[in-house]
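Read the structure below first, then the notes.
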Amino acid sequence: MFDPCSDLAAAKWIAASDEHWGKLVTLGPPGFPAYARLRFIPDPVHEGQSENDAVRQADAPSDNDQLRIAVGTLLRHTDAPDEGYLLMWDGWGRDSFPEPVLRTPRLTVPNREYYLCRVSLPDFVSGAIEDSWQAETNRSMPHPAFIWPSDRVWCVTSDVDPHWAGIGAQQSLIDPLLTEPRLDVVRVEPNEKLPFYS
């Protein structure tokens, strides 16, 4: 279901980016024509607000569910191949990872290190990847830090600090996400100050 990669070449385009690390790991690699944010919870309403004070709808999908819906939407509107990649932040702890993943080298960007896995994106969307991961670790799969197809026409980026995931793609791929009723997606404007909880 997922193939841990000893060769990190497929992720070098992310590691080689000259983007400031904070923007890279929250919004994604530079160079896409358009960017958006998938908000897992609403943005803070005042400066200094704690994420614990955010109101999440009782029936809201989990963060991983929302990521799968977003990837499924992107796949429906692209000719991207089934093959894709996940970068998994190593900070979730060794117990969170299958042993074959732990035996592979990590990709390093400033302040973060990741394991690289090759996956079938339709299997990610269906939840089969998570099921396989949990069967090997007896733990829920952490949410991926980066998700992209092998042709790199889009990238979804989800760091541990913000309450949202960044999405880079053509505007024509962003537009269907903006109208997907199960997701809360907003455009990112050039030079926009991005919101964070305290």
Side-chain angles (χ1 to χ4, degrees), residues 8 10-56 60-74 84-93 96 106-117 119 121 124 141-149 152-171 173-175 177-178 180 183-198:
L8 302 178
K12 292 295 186 183
W13 70 294
I14 293 174
S17 168
D18 59 1
E19 186 70 86
H20 180 272
W21 79 271
K23 191 170 182 181
L24 175 66
V25 303
T26 57
L27 198 56
F32 288 105
Y35 288 86
R37 292 187 299 119
L38 164 60
R39 298 187 288 198
F40 300 126
I41 58 175
D43 288 338
V45 295
H46 59 81
E47 190 170 339
Q49 183 178 353
S50 168
E51 190 169 325
N52 295 329
D53 297 332
V55 178
R56 183 192 286 257
S62 70
D63 293 0
N64 273 355
D65 287 342
Q66 292 180 63
L67 287 173
R68 287 200 306 271
I69 293 167
V71 170
T73 303
L74 289 164
Y85 294 92
L86 308 179
L87 281 177
M88 307 295 294
W89 180 50
D90 72 344
W92 295 110
S96 297
R106 286 171 288 185
L107 181 84
T108 300
V109 302
N111 301 304
R112 297 284 189 270
E113 291 191 339
Y114 306 99
Y115 296 106
L116 176 65
C117 293
V119 298
L121 291 172
F124 176 79
M141 179 181 173
H143 69 259
F146 292 85
I147 309 166
W148 72 96
R152 305 194 319 217
V153 295
W154 50 263
C155 185
V156 177
T157 306
S158 182
D159 192 55
V160 293
D161 290 334
H163 59 285
W164 42 265
I167 303 166
Q170 296 281 346
Q171 187 63 57
L173 301 182
I174 298 291
D175 288 342
L177 293 168
L178 299 172
E180 165 54 60
L183 300 177
D184 178 12
V185 176
V186 293
R187 290 185 179 88
V188 173
E189 302 299 336
N191 303 315
E192 177 183 349
K193 182 180 179 182
L194 301 176
F196 294 88
Y197 283 94
S198 62

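Just so you know, these numbers use all the heavy atoms, side chains as well, and skip hydrogens, waters and symmetry mates.
Within the model, atoms CG of Asp63 and CZ of Arg68 stand 11.0 Å from one another, a figure rounded to the nearest 0.5 Å. A distance of 4.0 Å separates OG in Ser158 from CZ in Phe40, rounded to the nearest 0.5 Å. Taken to the nearest 0.5 Å, the OG atom of Ser96 stands 11.0 Å off from the CE atom of Met141.
Annotation for Leu24 and Pro29: closest pair CD1-CA, 3.7 Å, computed over non-hydrogen atoms. Nearest heavy-atom pair, Phe124 versus Pro144, reported as atom, atom and distance to 0.1 Å: CE1-CG, 3.9 Å. Listed here is the closest heavy atom pair of Val109 and Ala15: CG1-CA, 3.9 Å.
When atom types are taken as modelled, the side chain of Asp184 and the backbone of Leu178 share no donor-acceptor pair closer than 3.5 angstrom. Without hydrogens or angle criteria, Glu180 side chain to Leu177 main chain gives no donor-acceptor distance under 3.5 Å. Gln49 places no side-chain N or O within 3.5 Å of a backbone atom of Tyr197 that could act as its donor or acceptor partner.
Taking 4.5 Å as the limit, every side-chain heavy atom of Val156 sits out of range of all side-chain heavy atoms of Leu38. Side-chain contact between Val25 and Trp89 is absent, with no heavy atoms from C-beta onward closer than 4.5 Å.
Cation-pi contact between Arg37 and Trp164: present, with separation from the ring centre below 6.0 Å and deviation from the ring axis of at most 45°. Remark: Arg112 fails to qualify as a cation-pi partner of Trp21 under the 6.0 Å distance and 45° angle criteria applied to the six-membered ring.
Each of Leu87, Leu86, Ile14 was compared with Tyr114 under the side-chain contact (heavy atoms from CB on, under 4.5 Å) criterion, and only Leu87 meets it.
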